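One structure is given below, encoded as C-alpha cells.
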Amino acid sequence: EFLPGGLIHDILAKKQYGEKTGSSIKDSDYIELALQATVNANSKDMVPYIISILNNRPSPYWSHAKACDALAQLNATEAIPALIEAMKSE
C-alpha cells in the first residue's frame, strides 16, 4: 500500500483524493487515516509526501496538524525546515 500505485501512497501523493476536487472533509479524512497508517507501519518512505501536505496551503487544519504529528512520530529530521515554515502564519 505504500509503494507507488498503492492506496496509502496515492492518498498522500494526492493522486487519488483531493487533486481534482480540492480539499473537502471526506478528502481530509482519507489523508488523516493514511497518515496514521504510515506512522503505524513506520513507513519513512512517505515523508516527502507528508511534507508536501504541509507545503500545500491552505489545507484543512486537522490534516495539517496530523501531518506535523506524523513527521514527529516518524522522527523525520529532514522535515524540520518544512515544520518551521508551517508554524508561520499567512
Side-chain angles (χ1 to χ4, degrees):
E1 294 301 317
F2 298 99
L3 297 175
L7 181 61
I8 304 299
H9 177 273
D10 287 352
I11 290 170
L12 293 181
K14 294 190 179 246
K15 291 182 179 169
Q16 190 167 0
Y17 301 98
E19 186 173 71
K20 295 181 182 175
T21 60
S23 296
S24 72
I25 293 171
K26 184 177 180 183
D27 291 340
S28 66
D29 288 345
Y30 282 116
I31 291 168
E32 290 173 30
L33 290 170
L35 289 167
Q36 188 59 52
T38 300
V39 168
N40 290 348
N42 199 32
S43 182
K44 294 184 181 192
D45 293 341
M46 301 306 292
V47 167
Y49 300 107
I50 299 171
I51 291 171
S52 73
I53 292 171
L54 296 182
N55 294 332
N56 182 20
R57 291 187 183 192
S59 62
Y61 172 80
W62 287 111
S63 294
H64 200 194
K66 296 276 184 178
C68 292
D69 188 48
L71 291 167
Q73 289 183 46
L74 291 169
N75 215 11
T77 56
E78 65 271 30
I80 291 172
L83 290 165
I84 291 170
E85 187 64 29
M87 290 189 300
K88 297 178 181 176
S89 296
E90 287 189 5

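Everything numeric in this text was worked out from a predicted model, so none of it was measured.
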Checklist outcome for this item: By side chain to side chain donor-acceptor pair (under 3.5 Å), Asn75 pairs with (sequence neighbours left out) none
Checklist entry - Among all residues two or more places apart in sequence or in another chain, which pass the side chain to side chain donor-acceptor pair (under 3.5 Å) test with Glu78? => result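 None.
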Checklist entry - Given Val47 and Thr38, is the side-chain contact (heavy atoms from CB on, under 4.5 Å) satisfied, shown in steps? => result CA-CA 9 Å; Val47 167; Thr38 300; over 6 Å; no
Under 3.5 Å, which donor-acceptor pairs do the side chains of residues 62-71 form with other protein atoms, sequence neighbours left out?
| from | atom 1 | to | atom 2 | distance (Å) |
| --- | --- | --- | --- | --- |
| Asp69 | OD1 | Gln73 | NE2 | 3.4 |
| Asp69 | OD2 | Gln73 | NE2 | 2.6 |

Item to check | Qualifying residues under side chain to side chain contact (heavy atoms under 4.5 Å, CB included), relative to Asn40, sequence neighbours excluded | outcome: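 With neighbours one apart ignored, the set is Gln36.
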Item to check | Qualifying residues under side chain to side chain contact (heavy atoms under 4.5 Å, CB included), relative to Asn55, sequence neighbours excluded | outcome: Ile51, Ala82
Euclidean distance, [Y] [atom2] relative to [X] [atom1], rounded to 0.5 Å:
X: Leu74; Y: Ile50; atom1: CG; atom2: CD1; value: 5.0 Å
X: Tyr49; Y: Leu35; atom1: OH; atom2: CG; value: 14.0 Å
X: Glu85; Y: Met87; atom1: CD; atom2: CE; value: 9.5 Å
X: Ile8; Y: Ile31; atom1: CD1; atom2: CD1; value: 11.5 Å
X: Leu54; Y: Ile84; atom1: CG; atom2: CD1; value: 12.0 Å
X: Ile11; Y: Met46; atom1: CD1; atom2: CE; value: 9.0 Å

